[in-house]
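Written below as structure tokens is the structure these notes are about.
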Amino acid sequence: MTNVFDILKERGYIEQATHEEEIRELLNDEKVTFYIGFDPTADSLHVGHFIQVMVMMHMQKAGHRPIALIGGGTGMVGDPSGRTDMRKMLTVAQIEHNVSSFKNQFSRFVDFSENRALIINNSDWLLNLNYIDFLRNIGAHFSVNRMLTAECFKNRLEKGLSFLEFNYMLMQSYDFLELYKRYNCKLQLGGNDQWSNIISGADLVRRIENGNAYGLTFKLLTTSEGKKMGKTESGAIWLDPEKTPPYDFYQYWRNVDDPDVENCLALLTFLPMEEVKRLGSLKDAEINKAKEILAYEVTKLVHGQEEADKAQSAAKTLFNNSGDISTSIPSSKLNESDFIKGIDILTLLSKTKLTSSKGEGRRLIQQGGIYLNDKRIDEFSQIINLDDFEDRKLMLRKGKKIYHQIEII
RNA sequence: GGAGGGAUUCCCGAGUUGGCCAAAGGGGGCAGACUGUAAAUCUGCUGGCACUGCCUUCGAAGGUUCGAAUCCUUCUCCCUCCA
């Protein structure tokens, strides 16, 4: 069987390793308990987290034991890495709520039965630490001089860094130590923005326990231009279908830039690498096929086959006029009475949230960006009534690809 | 604690001899053209509404004035230097 390290490397996950060869051997020789930390800063995981989840799945498949460490304790402090300003402080209640949402989502991807994987909250040990003991036992091993040179603090040195956040690195390092002691966890994985925190953790385990601790970081999901992926204007792409509907989720991947297709396939699907490479090398309009597969596969992993099918057939209907109209197109149901007298288009647009104001609707119509049943609307005084419905349904479109179905009930 | 500097529309950032400021410019975003539901490019738009007009906005609250982002007072927050 192929070493999972090689698989991860081939698929392009790995960015940096503390001891590349040793880690490779370790993963080959024994069942390793490893962990990845997740700070509960929101009530759902997003696409950025998903890449870490993918790694967990790969590792678990190879027989290793993942620990999903939820940062109920570190979340109280806030990680300054990759931030130019201080994070908002979350309330204790918010954090607890987020922790439970995370737990739910993990169990969809990772098998937690019979201790094949663990989910642990670092509040278990962080919340009751004694300040003086902690300083003496842990703090003594950290050099401020060295910490200040760490990448994750550098730009914050110019912008300002609170002492609270400065401690984050110690907290995370201490997590590693605890997990090492409690579960013989030898390896910490994480996004590359965690590199400083990870090496300091491995270092701490080595100093205090004289143990073999390793760290490995993964590429962040970025576009070929280096921009972070998984964000849109309306915010992150969430794994929670309530926050990002499966159809939108599907469309996000359907629309990735050409040069990013191969990378996304490798990182976010389990398709064999030969297939990934073949799809990634398609040229011109052909690459649309690869994008369809990408969108379908990722949606299937995250939301299940049924939702993926729905999203795909909805997309095909809307863009190619083939396939079945499906419930997965964003839609609203309105009362028949609303349309007996008729409702003006601007009001309808804001009702469906397609536009955030009537002014915006007016502008879009002037510019020819609003379509009703595929016919461009050019009067913003247009009244919509029952005659515009076919089979009690009506399709609104904003721009080229944002659809909204209205159904009469 | 002391001395200075700052807070402007989604973001950055002009504007502070009071009216010509819904507020330059850039970024981002949205739409149109071109396309492959891609990128690049070009064009238009980008506070709200009952849209040739009205309303709300320039950290917060008051004040001066016919009129304030611009002047005065108090407050809040941020930054820099000093301890």
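All chains are named by letter (A, B, ...) in the order of the sequence lines, taking the proteins before the strands, and each is independently numbered beginning at 1.
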Evaluation steps, ring-ring contact (aromatic ring centres under 6.0 Å, His included), between A:Tyr247 and A:Tyr403:
CA-CA 11 Å; A:Tyr247 175 78; A:Tyr403 287 87; 7.8 Å; no
Between [M] and [N], how far apart are the [atom1] atoms? Round to whole Å, please.
N: B:G28; M: B:G13; atom1: C1'; answer: 14 Å
N: B:U57; M: B:A69; atom1: P; answer: 9 Å
N: B:A60; M: B:G6; atom1: C1'; answer: 16 Å
N: B:G1; M: B:G47; atom1: P; answer: 42 Å
N: B:C77; M: B:G59; atom1: C1'; answer: 8 Å
N: B:C79; M: B:A24; atom1: P; answer: 30 Å
N: B:A31; M: B:A14; atom1: P; answer: 31 Å
N: B:C72; M: B:C82; atom1: P; answer: 30 Å

- Please figure out whether A:Gln367 or A:Gln312 has its closest RNA chain B nucleotide nearer the 5' end.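 The residue whose closest nucleotide sits nearer the 5' end is A:Gln312.
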Per nearest nucleotide of RNA chain B, the residue lying toward the 5' end, A:Leu364 or A:Lys283, is A:Leu364
Looking only at non-hydrogen atoms, find the nearest pair between [X] and [Y] and report the distance.
X: A:Leu364; Y: A:Ile370; answer: CB-CG1, 3.8 Å
X: A:Pro246; Y: A:Pro241; answer: CD-CB, 4.1 Å
X: A:Arg11; Y: A:Val276; answer: NH2-CG2, 4.1 Å

Checking all strands, does [X] fall into the base, sugar-phosphate, or nothing category for heavy-atom contacts under 4.0 angstrom?
X: A:Arg397; value: nothing
X: A:Tyr250; value: nothing
X: A:Ile370; value: nothing

Check nucleotides 38-41 of chain B for protein N or O atoms closer than 3.5 Å to its own N or O atoms and list the pairs.
| from | atom 1 | to | atom 2 | distance (Å) |
| --- | --- | --- | --- | --- |
| B:A38 | OP1 | A:Lys401 | NZ | 2.8 |
| B:A38 | O4' | A:Lys291 | NZ | 3.2 |
| B:A38 | N3 | A:Asp258 | OD2 | 3.2 |

Practice prompt. Taking the six-membered ring of A:Tyr296 (Phe, Tyr or Trp), confirm whether the NZ or CZ of A:Arg254 is under 6.0 Å from its centre and within 45° of its axis.
Written response: no
More than 12 heavy atoms of other groups within 6.0 Å of [X] [atom1]:
X: A:Lys243; atom1: NZ; value: yes
X: A:Lys181; atom1: NZ; value: yes
X: A:Glu22; atom1: CD; value: yes

Between A:Phe38 and A:His49, ring centroids under 6.0 Å: yes
* Answer yes if the ring centres of A:Tyr35 and A:Tyr180 are under 6.0 angstrom apart, and no otherwise. =>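 Not under 6.0 Å, so no.
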In the strands shown, is [N] matched to any nucleotide by a Watson-Crick or G-U wobble pair with both distances under 3.5 Å, and which?
N: B:U80; answer: B:A3
N: B:C71; answer: B:G63
N: B:G44; answer: B:C30

| task | Show your reasoning for whether side-chain contact (heavy atoms from CB on, under 4.5 Å) applies to A:Glu274 and A:Arg278. | result | CA-CA 6 Å; A:Glu274 313 89 73; A:Arg278 186 186 71 79; over 6 Å; no
Using a cutoff of under 3.5 Å, can you pull out all pairs of nitrogen or oxygen atoms linking the protein to nucleotides 52-57 of chain B, with atom names and distances?
none

**Prompt:** Is A:Lys283 salt-bridged to A:Glu286, going by a charged N under 4.0 Å from an acidic O?
**Reply:** no
Check: protein-nucleotides 47-50 of chain B nitrogen or oxygen pairs below 3.5 Å:
| from | atom 1 | to | atom 2 | distance (Å) |
| --- | --- | --- | --- | --- |
| B:G48 | OP1 | A:Ser357 | OG | 2.8 |
| B:C49 | OP1 | A:Lys358 | N | 2.7 |
| B:C49 | OP2 | A:Lys358 | N | 3.4 |
| B:C49 | OP2 | A:Gly359 | N | 2.7 |

Given atom [atom1] of [X] and atom [atom2] of [N], what is their separation to the nearest angstrom?
X: A:Gln366; N: B:C45; atom1: CD; atom2: P; result: 10 Å
X: A:Ile365; N: B:C30; atom1: CD1; atom2: C1'; result: 14 Å
X: A:Lys398; N: B:U46; atom1: NZ; atom2: P; result: 15 Å
X: A:Leu294; N: B:G36; atom1: CG; atom2: P; result: 21 Å

Between A:Asp240 and A:Leu45, is there a donor-acceptor pair closer than 3.5 Å when you use the side chain of the first and the backbone of the second?
-> no
> Is any side-chain nitrogen or oxygen of A:Tyr247 closer than 4.0 Å to OP1 or OP2 of B:U37?
Replying inline: no
